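Before any comments, here is the structure.
Nothing here was measured: the structure is a model prediction, and the numbers come from that model. Residue numbers begin at 1 in each chain, while the letters A, B, ... track the order of the sequences.
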2 protein chains.
Amino acid sequence: MQEKPELDFPRPLTTVDVVIFAIRSDALQVLLVQRPKAESEPFPGAWALPGGFVDIAGDRDLEACAVRRLKAKTGVVSPYLEQLGSWGSATRDPRGWSATHAYFALLPEHTAGGALAGDAQWFAVEGEKVRPKLAFDHAEILQAAVLRLRNKVEYTSLPAYLMPQEFTLPELQRTYEIVLDRPLEKSAFRTRMLAADLIEPVAKMRKGPNRPAQLYRLKKAKAPVFFTRTFNPPG
Amino acid sequence: MQEKPELDFPRPLTTVDVVIFAIRSDALQVLLVQRPKAESEPFPGAWALPGGFVDIAGDRDLEACAVRRLKAKTGVVSPYLEQLGSWGSATRDPRGWSATHAYFALLPEHTAGGALAGDAQWFAVEGEKVRPKLAFDHAEILQAAVLRLRNKVEYTSLPAYLMPQEFTLPELQRTYEIVLDRPLEKSAFRTRMLAADLIEPVAKMRKGPNRPAQLYRLKKAKAPVFFTRTFNPPG
DNA sequence: CGAATAGTGTCTATTAGACATTATGAG
DNA sequence: CTCATAATGTCTAATAGACACTATTCG
């Protein structure tokens with residue numbers, strides 16, 4: 001028997017990873033970073049989700065660590081950020097038992113091009129995957145993030161966080177359709193959005209080669225709105 | 001510069017905690033364990049969620065660790081188990097930077113009384129809280145679990161996992177009502193449940209002092225069913 | 001004017017809520 | 001029979017889907 005409980009048993013490695021989404025080129029894209037090419041590193045040269053070890057001296061909590069990682073790769077300070085889940089096992093990292101805390105972030109299109117880190121690059125999401133083979137179990141984490149995003153888009157206003165400050169209803173609908181990968185009915189879409197007390201018109205129109213569209217902006221400090229139905233009736 | 005990346009920087013403590021729910025005495029209850037009373041322990045004698053450090057030698061992954069904790073306290077091997085989220089910060093554990101991976105489990109009533117550990121006890125959930133003051137940030141984790149459970153009960157079949165093998169529709173409705181803490185319409189409830197292809201009648205009736213009720217059981221290997229609407233229209 | 005997109009209206013289908021009505025067993 | 005609860009039926013309200021129709025700009 002010892003007076004103090006023993007705490008120097010081996011501990012898992014602890015990391016935070018962030019799945020960063022944005023709409024770019026009319027498609028859902030995700031930001032990946034290339035791992036260092038040194039052979040001493042796991043998965044040298046492979047693409048991976050932005051993230052890394054928790055710094056117990058510098059990170060106050062898990063979310064602060066996620067915010068730090070996000071800012072380092074994109075320059076963006078406060079986008080929509082939600083915890084996705086955690087993945088931990090003896091085998092997911094060749095360096096030993098490790099657990100990662102995964103977050104997902106939604107970036108407005110105009111911020112997504114800004115202060116990108118040199119090792120970072122946008123990739124189109126195809127299905128729930130991305131072209132390159134990902135390091136660690138990041139393909140699985142990405143798939144979970146895409147499924148969660150799609151699912152929540154059915155009954156929440158999350159896509160509003162992917163829009164620029166001012167946008168038209170057809171543009172918002174297009175964002176929904178890109179994420180869901182399926183067309184929505186214009187009429188039902190407009191009714192839902194306008195009834196949600198989520199957006200307000202600004203005194204401007206989007207001019208184009210045809211009929212101009214009303215511009216809207218998010219109401220101030222808007223938490224995501226939850227609807228009581230999904231878009232589609234049961235299949 | 002070194003050949004191998006450095007891995008011996010300080011690591012957070014890593015734990016798994018499980019919020020275990022069951023219906024007992026016509027109420028939603030949660031299983032808590034009392035912490036050891038030694039003054040060298042954090043929160044001596046306080047009630048806490050079942051859980052503890054990940055054993056990197058014995059636990060294959062996080063879920064295996066959660067299953068181990070659950071079995072140790074209840075004897076139950078495979079209930080409904082879902083990841084809830086993770087909580088990590090410099091301050092949540094006086095022993096140092098720590099992160100916990102939280103799960104929540106739903107136990108059928110008849111298994112909830114069985115092989116309880118000596119330090120474990122059931123407590124009624126009142127609101128999103130429990131009477132005793134909980135150790136660490138476990139009150140916050142419990143609150144998140146209750147809110148998540150309530151929210152999902154609005155549009156899923158999760159309460160089915162709180163039922164015994166055979167049950168009547170009024171009994172299932174009562175379980176929904178206990179979790180939601182609000183009455184539901186019998187007619188709409190029955191329509192939804194019977195349309196869900198979730199349960200099947202068995203050739204028995206529940207006898208009572210009045211009209212007997214049809215007994216049902218869960219269809220085999222049933223994943224939770226998701227409905228496209230919540231129970232209530234928007235408030 | 002025509003082309004194209006924005007925006008509205010009409011009709012149907014689904015399903016929840018409210019609540020009335022019928023069914024079945026015990027005593 | 002009465003009582004209690006199970007089970008069903010009827011009507012309304014809300015909202016999604018389908019799709020037709022009108023509105024407004026450019027060229």
Side-chain angles (χ1 to χ4, degrees), chain A residues 26 151 153-157 159 163 166-178 180-217 225-235, chain B residues 26 151 153-157 159 163 166-177 180 182-217 225-235:
Chain A
D26 209 41
N151 187 253
V153 165
E154 292 279 359
Y155 61 92
T156 71
S157 61
M163 305 304 292
E166 297 183 348
F167 53 87
T168 68
L169 276 176
E171 286 165 357
L172 181 59
Q173 181 175 347
R174 180 69 193 132
T175 296
Y176 270 82
E177 292 173 339
I178 288 169
L180 292 175
D181 195 27
R182 113 177 160 247
L184 295 176
E185 279 305 310
K186 181 171 49 169
S187 174
F189 181 83
R190 298 176 67 93
T191 305
R192 169 184 284 207
M193 289 304 145
L194 293 173
D197 190 43
L198 171 74
I199 58 180
E200 58 191 1
V202 297
K204 277 186 280 181
M205 306 293 276
R206 168 89 74 227
K207 308 266 186 184
N210 35 44
R211 178 171 175 177
Q214 179 64 53
L215 279 167
Y216 293 86
R217 67 173 170 220
V225 171
F226 287 73
F227 304 101
T228 57
R229 287 211 205 170
T230 61
F231 267 113
N232 260 1
Chain B
D26 209 42
N151 187 252
V153 164
E154 293 278 1
Y155 61 93
T156 70
S157 62
M163 306 303 292
E166 296 182 350
F167 52 88
T168 68
L169 276 176
E171 287 164 358
L172 181 60
Q173 181 175 348
R174 179 70 193 132
T175 297
Y176 270 82
E177 291 173 339
L180 292 175
R182 117 177 156 246
L184 295 177
E185 281 304 310
K186 180 168 52 168
S187 174
F189 181 82
R190 297 175 68 92
T191 306
R192 171 183 283 206
M193 289 304 146
L194 292 174
D197 191 43
L198 171 74
I199 56 180
E200 57 190 1
V202 297
K204 278 186 282 184
M205 305 293 275
R206 168 88 73 228
K207 307 265 188 185
N210 33 45
R211 179 171 173 178
Q214 179 64 53
L215 279 166
Y216 293 85
R217 66 174 170 220
V225 171
F226 288 73
F227 304 100
T228 56
R229 287 210 204 169
T230 60
F231 268 114
N232 259 1

Give me, pair by pair, the N or O atoms of the protein and of nucleotides 25-27 of chain D that are less than 3.5 Å apart, along with how far apart they are.
residue	atom	partner	partner atom	Å
D/dC26	O4'	A/Pro209	O	3.0

When rounded to whole Å, the CZ to P distance for the pair A/Phe226 and D/dT15 reads 18 Å
Per nearest nucleotide of DNA chain C, the residue lying toward the 5' end, B/Ala188 or A/Leu215, is A/Leu215
**Prompt:** For C/dT15, does OP1 or OP2 lie under 4.0 Å from any side-chain N or O of B/Arg192?
**Reply:** no
**Report entry** Minimum side-chain heavy-atom gap B/Arg174-B/Asp26 below 4.5 Å
**Finding:** yes
Rounding to 0.5 Å, atoms CZ (A/Phe227) and OG1 (A/Thr156) come to a distance of 7.5 Å
When rounded to whole Å, the CG to P distance for the pair B/Leu169 and C/dA23 reads 19 Å
Rounded to whole Å, the CZ-C1' distance (B/Arg206 to D/dA4) equals 17 Å
Whole-Å distance, B/Arg190 CZ to C/dT21 P, equals 19 Å
Below 3.5 Å, can you tabulate the donor-acceptor pairs from side chains in residues 201-211 of chain A to any protein atom, sequence neighbours excluded?
residue	atom	partner	partner atom	Å
A/Lys204	NZ	A/Glu166	OE1	3.1
A/Lys204	NZ	A/Glu166	OE2	3.4
A/Arg206	NE	A/Glu171	OE2	2.8
A/Arg206	NH2	A/Glu171	OE1	3.1
A/Arg206	NH2	A/Glu171	OE2	3.2

Separation of C/dA6 atom P from A/Met193 atom CE, nearest Å, is 16 Å
Would you say that B/Asp197 contacts B/Val225 through its side chain, given a criterion of any heavy-atom pair below 4.5 Å between the two side chains?
no
The answer to which of B/Lys186 and A/Pro170 contacts DNA chain C further toward the 5' end, by nearest nucleotide, is A/Pro170
A/Arg174 atom CZ is separated from C/dA6 atom P, nearest whole Å, by 12 Å
Rounded to whole Å, the CD-C1' distance (B/Gln173 to D/dA7) equals 12 Å
Original post:
Side-chain donor or acceptor of B/Ser187 under 3.5 Å from a matching atom on the base of D/dG9?
Top reply: yes
Are any of the side-chain heavy atoms of A/Tyr176 and A/Met193 separated by less than 4.5 Å? yes
Separation of C/dT14 atom P from B/Leu194 atom CG, nearest Å, is 18 Å
Handout entry: B/Arg192 with B/Glu185: basic N within carboxylate O range, under 4.0 Å
Key = no
Check: Is there a donor-acceptor pair under 3.5 Å between the side chain of B/Glu177 and the backbone N or O of B/Leu184?
Finding: yes
